Novice: 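Can you keep this structure in mind? I'll have questions shortly.
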Amino acid sequence: MSTPSVKEVPTSHEGMREISLAQAVNEALAEELRRDPTVFIVGEDVAEAGTAFKVMTGLVEEFGRERVIDSPISEPGITGLGLGAAMTGMRPVVDIMFGDFLTLVMDQLANQAAKIHYMSGGRLKAPLTLRTTLGATRRSAAQHSQSLHVWPAHIPGLKVVLPSTPADAKGLLKTAIRDDNPVVFFEDKMMFATKGLVPDGEYTIPFGVADVKREGEDLTLIATSSMVYVALEAAELLAGEGISAEVVDPRTLVPLDRATLAASARKTGRVIVLDEGHQSYGASAEIAAVVAEDAFFHLDAPVRRMGAMDVPIPFSPVLEDETVPTPDRVLAAALELLGKR
Amino acid sequence: MSTPSVKEVPTSHEGMREISLAQAVNEALAEELRRDPTVFIVGEDVAEAGTAFKVMTGLVEEFGRERVIDSPISEPGITGLGLGAAMTGMRPVVDIMFGDFLTLVMDQLANQAAKIHYMSGGRLKAPLTLRTTLGATRRSAAQHSQSLHVWPAHIPGLKVVLPSTPADAKGLLKTAIRDDNPVVFFEDKMMFATKGLVPDGEYTIPFGVADVKREGEDLTLIATSSMVYVALEAAELLAGEGISAEVVDPRTLVPLDRATLAASARKTGRVIVLDEGHQSYGASAEIAAVVAEDAFFHLDAPVRRMGAMDVPIPFSPVLEDETVPTPDRVLAAALELLGKR
Amino acid sequence: MTTESPMAVTETSQELALRFYEQMRKIRSFEERADELYKLRLMAGLTHLYIGEEAIAVGVCESLGRDDYITSTHRGHGHCLAKGADVERMFCELLGKEAGYCRGKGGSMHIADHENNNLGANAIVGGSAGIATGAAFSAKARGSGQVAVCFFGEGALGQGLVYEVMNLASLWTLPVVYVCENNLYNEYTHYSETTAGDIATRAAAFGIPSEEVDGQDVRAVHAAATRAVERARRGDGPSFLLCRTYRFMGHHVGDVDRTYYRSKEEEQEWRQRDPLELARRWLLEDGLADEATLDEIDRRADELVAAGSQAAIDSPYPSPDEVGKHVYA
Amino acid sequence: MTTESPMAVTETSQELALRFYEQMRKIRSFEERADELYKLRLMAGLTHLYIGEEAIAVGVCESLGRDDYITSTHRGHGHCLAKGADVERMFCELLGKEAGYCRGKGGSMHIADHENNNLGANAIVGGSAGIATGAAFSAKARGSGQVAVCFFGEGALGQGLVYEVMNLASLWTLPVVYVCENNLYNEYTHYSETTAGDIATRAAAFGIPSEEVDGQDVRAVHAAATRAVERARRGDGPSFLLCRTYRFMGHHVGDVDRTYYRSKEEEQEWRQRDPLELARRWLLEDGLADEATLDEIDRRADELVAAGSQAAIDSPYPSPDEVGKHVYA
Ligand SMILES: Cc1ncc(C[n+]2csc(CCOP(=O)(O)OP(=O)(O)O)c2C)c(N)n1
Ligand SMILES: Cc1ncc(C[n+]2csc(CCOP(=O)(O)OP(=O)(O)O)c2C)c(N)n1
Ligand SMILES: [Mg+2]
Ligand SMILES: [Mg+2]
C-alpha cells in the first residue's frame, strides 16, 4: 500500500508521543535488549547500517557487536543458529530483510522451530522472534514485494503477528520477544515512515486480541497490517456516502481472535476481508471461513475477500498499482456488497 | 489416512486394468519418458532403488542413468537444476521424497520457477514437474507426515495437483509433465498400494476439472487426495442412515474448478470440505470461502471444514490417529450439519 | 591425516576403556532389541539402526561433559545412549508411550534428552546443523564453557545449510565440533555418487580444521574428539571430524534385501571391523580386561535392555487428549 | 594463482581489444544514465549499478557465443549488455515500459534476454546458481555444446544453494563456469566479516578448479574465462573464476553516504584501477588504438545511450490489463 496520508494520525495528547513505526520497532528492540541480556539480534546489515530500512539505527552503538550482529547472506543459517540459541537459553531476534526470503527459511522455521516443543513432549522450547517484512508498491518487483504470512500461519507451533500502527508494533514486538514460542513478526516495508501515537514508557500488547480501529454499524472491514489504513480511508469514503463501516484489525493471525471478528460480523451482517497476501489460499480465506462459521446466520451476504491479485508482483508501476486493494476499490466492493451498485 | 479397504474398488471391466496408484504413476512416467526425449527424472534414490516408495521400479533399467538420475540429498539444488533445465528445453520431473521437504525448495519453487514466465514478460517458461508426497498415519512423526500443498497453491504461477485414484494419478501426471508451467504433484504416501481401474492405453486428464466420485442429494463432501476415500466411506455410512452424500474431488487446487464445487453446493445446500492439510489457513479454507462466495444463498448451514488437527503430527499411534479426519468423524459432522444430532 | 596417536591410546585409562566397551555394548543390545520389536510388530514406523557405528557416538560423547550439547540424526539411538539417556525411557519413546523422553510424541527420529543436553534427533538430513551451531553460539555468549557437537551422516554434506553454518561457526569462533559419520551410503546410494571432491577439504574451505579418523576404533575417535573438544573449550573455534564407518544393517529396519546397492562381500569385510570386536580384542591384548569381565558387561547390557524394553512394552500409551498439548509453550 | 598469461594478451586481436573497450564503455554510459534517470525520478525503484566492474562481464561474455547461457544478479545491467542486449529495450525495462525485454514486468532486477540466452537477472542472492547449473545440465543432455556462466557476487557465497549445485556440477561434469565478482562488500558489510577462510578453496572443496583473476583487467578476465569456457566445452566440467573488483558507486542508487562502511580513500584507490582507464592505457601503449579512435567509441556509446534512454522515456507503459497476462504459459 502507499504510505497513509498524515491526516489519519491523531494529534499528540497526554502520555503519548508521535513516532514512526520504524522508531517504535527500534524502541521495542532497545528496551528488550536493555532488560534482558539473553536478547540479541542477528541479520544482514543490522549493525552499523541499522538494516536496509534503517530500523535499527543506534542499536549497535548502545549494545555492541556481540548483541547486534551482522551476518553473512545466509537466511537458513542464521535462522537455524537463532533456533539453537533459543533452545539453549537465549532470546534471539532474527532479522530477515524481505519477507520474500521466508522461502529460504521455511525448513528451520516450520520443520524445526515450530515443532521442537511438541516433538520433545514439551521439554524443549524455542523463544525465537523472526522479524521480516511484507507489502508491495515499493517498485521492487516479484521477489521483493510478497506478503507470505499465510505460510507460517498454517504451521502449528508458530505464532504470526502483523501490526498496523506504531503503538501496536511496539507492544506486540515486546510481547513476541518475551514469548516462549517462535514468533514470526511482519512489518509492511511501506509503513516504516507511518507515524502514530505511542504511549510513553513500558507496555506490551497481548497476542490474540483484535483491535477495533474504527466503530461502525453497516459493514465490517477486517484488515491486516497496512491494509488497516486502506480500510480506514475506505471507511472515510463510505462515511461520505452515509455508510458506517467498522474496521477491525486482528493484529495476530495466530492466535486469531475469532470472537471479536465474529461479534463485528454479527453486528453488521456484511464483511470484507482485506489482506495483502495473494487472495487465493491466503490469510483472507481463513478469516472469511472463520467469520462464515461463527456468524453464518447473521450474514446478509457472502464474506468478500480482497487480497493481492493472483499474479507475481510486476515491476512496472502502472501494473503494480493494479495488484493491491485501494480505498476506491474497497469503496466499490462495499457499495456492491450493500446492494448500492 | 489408512489405505482404503478393497471394497471401494470397482471390479475390472472392458478396456480397464486394475493397478495400484504406484503402478499408475510408474506407467505415466514411463510413457512420458518414452514419448519425449527431453523428459528426465532426478531425485534421491530414484534409480536402482526406484524411490523410497518403490514407485519407479524398472525405470532406470529401461531409460538408463542419464534420464533417471540419483542425486545427492540436495532438494534445493536439484529443484534449481530442474528449473534451469526446464528453462532451456527439457521437461524435468524432480522427485522430492517427502512433502515435508518442500520447506527446503520453496525459494526455487516460489521465487524462481513460479515467477520466471511472468517476470520475463512471457518470454521464458519453466515446464517443471515436482513430484512429492503428503499424508499422515504412517507413524513417521512430525517431519515426515505433513500435507503442505496449500503453500504452493498460494503462489501464482504454480499449478497444484492432488490425485486420489490410480486413473486420475496417471492421467494428471502425464498432463503435468506436458504442461508448460511448473506443476507440484502430490501423492498421499499411504495410497501407493491403493488399487483402482485404469483405462488401457494412452490418455491424459485436463487440469481444472473436478470429478464427482459419488452422486448425492442431501450433502456435499468436497475431498482432496486420500480424503476422497474417507469421504466415500463416510458416504456409505451416511447411506446407512438414509442420507445421500455427494463426493466431489477437485483433483487440482490450481486451477480450481469452482463451477463444479458450487453446483454441488447449490444442489445439496450443505458442504463439508475434507483436506489433510492442517485445518487453519489450509486449502480447506480457500475451498470453503469459494463455495460460500459462489453458493451463499443456497447454503442451509455454514461450510464445515475438516483438516488435519492443528498440531505437529505426533509419533505415538494413539495420538496420530486423533489428528486426521476419519469416516466416523465425517459421519458425526455430517449428522450435526444436517441437524440430526 | 589420521589420529591414532599412541599418546591417546596409552592415556586411555582402564576404567575409561571398559566404559567405552560397556557403552558400545549397551547401544548394540539396544539396537538389536529395537530390530526385534519392529519384527514383532511391537514398534510402529521404521527406525534406523546404529549397529556398526557405535564407536563414533561413544568415542565422541566420552569426550564431553553432561552439560555439553549434542544434536543427532534420524539414526540417533547411539548418540542418545552415549550421551547418557536411560534405556527404558528410550524404549518407551520408540513405542510411543507416555513415559518416553518425548511423551511418545517424538518417536525414534525425534528423541531428545533435555537432562543430558541432547537437543534431539532430527528427521531432516542436516537439519540440526543450525541448532548445534546456535547452541555453540549461546554457550559462547553466556560464557558457559559448554561445547556443542553436531552429529550427521555424510549424506548431510548435500545440504547447503551445513556450509552456511560452518561459515558462521568459523567467522565467530564458535565452540562446535562437526562430526561426520561417513558410513558410505545415503540411503541406497553410495556416497561417491553424491559427493564430489575430497570431503576432508570441505570444512577446510571455511577455515575449519578437519581431521579424519577410523570410526571403528573407539580409542581413535575418542582421541580426536578430545582434541577437537578441548580446542573448542579453549575458545579456538570449530573443528570437523570425519569418521570412516559402516552401517552393518539396512538403512532402516525394513531394508532387508540390500544386494541391489551393496554386496554381501562388502558387508562381510566391514563385519571384520566390528567396533565391539576390535575393542574386545585390544582390551584383552592390552590386559585391560579378561573374558569374564567382558562377558559380564555383555550380560548386564542385555539384561538392562531386556528389562527396559519389557517395561516399555508394559507401560501405558499417552491418553488421547495429550495430542493437543505442548503445541505452544 | 593469477592468470595474466602473456599468451592470452598477445592473442587478443586489435578488433577484440577495441570491442572490449566499446562494450565496457557502453555499460559505463548506460549505468551513468540509469543513475541520472533515478535522480530525475524518471525511474521507479532502486537499481544496482555495475560501474567499476565492467571488465568482468565483458571479459567473460566475450569468451561466449550467443547460444551460450548466462544467469545474472541484482547488479545485472553489465552482464545483460555484455551478452548482447539492446540498450533501448533495456532502458524500456528499467522504466517499466511495454517495449522492455520483459514488457516492464521484470524491471532492473529481473531483466532477461531470451534472444541472447540470458536467463535473467535475479533478486535472490545466489538464486540463479541452480538455474545456471540446470542450463548446463540441459546443454549436456541435449549435446548442444553450449556452456552456461553463472555470475554472482561474493555475498552469494553465504547461500547454501551455491555449494549444493557446485557439487552437482562437479559430480556430473557439467559445462558451467561460476564467476564470483568479489567487490568486497555484501551491501554495507565487508566480505571479510561474512566469509570465513579462503574463497578460492571453496570450489576446490567440490573438486572444481578455481582461478583467481584481476577483475579490473579485461584481458586477464577474458583469458581466464576463455580457458574455463574451453574446458567446459571440451566436456571437462565446471570451473570457478574468482574476480577481484570493486563497485565504484553505492550498493544501489540510493546509497550515497557510504562513509560509515567504507572510506573515501579506499574508493579513491580503486578509482585508480578503473577498468576503462586501464584498458585505454594499454590500448594506447600497445598501439592498438589512438586517442581519436577511443574518443569516437566514447562518443558513440554516449549517443547510443542518450538515444536509447530518450526513446524509452517516450515509449508507452503497458496497458493495465497486461497485469493479468503471462502468469501461466
Ligand atoms: C532433507 C532430507 N532429504 C531426504 C531425507 C530422506 N532421508 C532420510 S535418511 C537419508 C539418507 C541419509 O544419509 P546419511 O546422511 O549419510 O545418514 P545415514 O542414514 O547414512 O546414517 C535420506 C535421504 C530426509 N530425511 N531429509
Ligand atoms: C537471499 C537474499 N538475501 C538478501 C538479499 C538482500 N540483498 C540484495 S543485494 C545484497 C548484497 C549482495 O552482495 P553480493 O552478492 O556481494 O553482490 P553485490 O551487491 O556486491 O554485487 C543483499 C544482502 C537478497 N536480495 N537475497
Ligand atoms: Mg551415510
Ligand atoms: Mg559484493
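Remember, it's a predicted structure, so these values are computed and weren't measured experimentally. Just the heavy atoms: all of them, side chains too, but no hydrogens, waters or symmetry mates, feed the values below. In what follows, every chain begins at residue 1, and chains take the letters A, B, ... in the order their sequences are listed.
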Novice: Which heavy atom in D:W172 sits nearest to a heavy atom in B:P72, and how many Å separate them?
Specialist: CZ2-CD, 4.3 Å
Novice: Looking at B:V254 and D:Y328, what are the two nearest heavy atoms and their distance?
Specialist: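 Heavy-atom minimum between the residues: CG1-OH, 3.3 Å.
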Novice: Within the side chain of B:Y118, is there an N or O that forms a donor-acceptor pair under 3.5 Å with the backbone of D:V323?
Specialist: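 Such a contact is found between B:Y118 side chain and D:V323 backbone.
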Novice: Compare every heavy atom of B:T88 with every heavy atom of D:G134, then report the nearest pair and how far apart it is.
Specialist: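 Nearest heavy atoms, D:G134 then B:T88: O-OG1, 4.3 Å.
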Novice: With a 4.5 angstrom heavy-atom cut-off, is it the side chain or the backbone of D:L168 that approaches chain B, or both, or neither?
Specialist: side chain
Novice: Can you tell which part of D:D113 gets under 4.5 Å to a heavy atom of chain B, answering side chain, backbone, both or neither?
Specialist: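 Neither part.
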Novice: Show the nearest heavy-atom pair for residues D:E164 and B:G77, with the distance to one decimal.
Specialist: OE1-N, 2.8 Å
Novice: For D:A112, is it the side chain, the backbone, both, or neither that has a heavy atom closer than 4.5 Å to a heavy atom of chain B?
Specialist: side chain
Novice: D:V327 and B:H117: side chain to side chain contact (heavy atoms under 4.5 Å, CB included), yes or no, with the steps?
Specialist: CA-CA 7 Å; D:V327 179; B:H117 185 64; over 6 Å; no
Novice: Looking at chain B, which one of D:L161, D:T133, D:N167 has the largest number of heavy-atom pairs inside 4.5 Å, strictly under?
Specialist: D:L161
Novice: Could you list the donor-acceptor pairs under 3.5 angstrom formed by side chains in residues 146-156 of chain D, with sequence neighbours left out?
Specialist:
residue: D:Q146; atom: OE1; partner: D:R142; partner atom: NH1; Å: 3.2
residue: D:Q146; atom: OE1; partner: D:R142; partner atom: NH2; Å: 3.1
residue: D:Q146; atom: OE1; partner: D:S144; partner atom: OG; Å: 2.5
residue: D:Q146; atom: NE2; partner: D:D67; partner atom: O; Å: 2.9
residue: D:Q146; atom: NE2; partner: D:Y69; partner atom: OH; Å: 3.2
residue: D:E154; atom: OE1; partner: D:N183; partner atom: N; Å: 3.3
residue: D:E154; atom: OE2; partner: D:Y185; partner atom: N; Å: 3.3
residue: D:E154; atom: OE2; partner: D:N186; partner atom: N; Å: 3.4
residue: D:E154; atom: OE2; partner: D:N186; partner atom: ND2; Å: 2.7

Novice: At a 4.5 Å cut-off on heavy atoms, which part of D:K325 comes close to chain B: side chain, backbone, both, or neither?
Specialist: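 Just its backbone gets close to chain B.
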Novice: Would the B:F40 and D:F137 ring centres measure less than 6.0 Å apart?
Specialist: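 Distance test on ring centres: under 6.0 Å, yes.
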Novice: D:I111 versus chain B, heavy atoms under 4.5 Å apart: side chain, backbone, both or neither?
Specialist: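 D:I111 has no heavy atom closer than 4.5 Å to chain B.
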Novice: What residue in B:N111, B:I116, B:D179 has the most heavy-atom pairs under 4.5 Å with chain D?
Specialist: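 Of the options given, most contacts go to B:N111.
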Novice: When rounded to the nearest 0.5 angstrom, what is the spacing between SG in D:C102 and CE in B:M119?
Specialist: 8.5 Å
Novice: Okay, side chain of D:R103, backbone of B:S120: is any donor-acceptor separation there less than 3.5 Å?
Specialist: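 No: the side chain of D:R103 does not pair with the backbone of B:S120.
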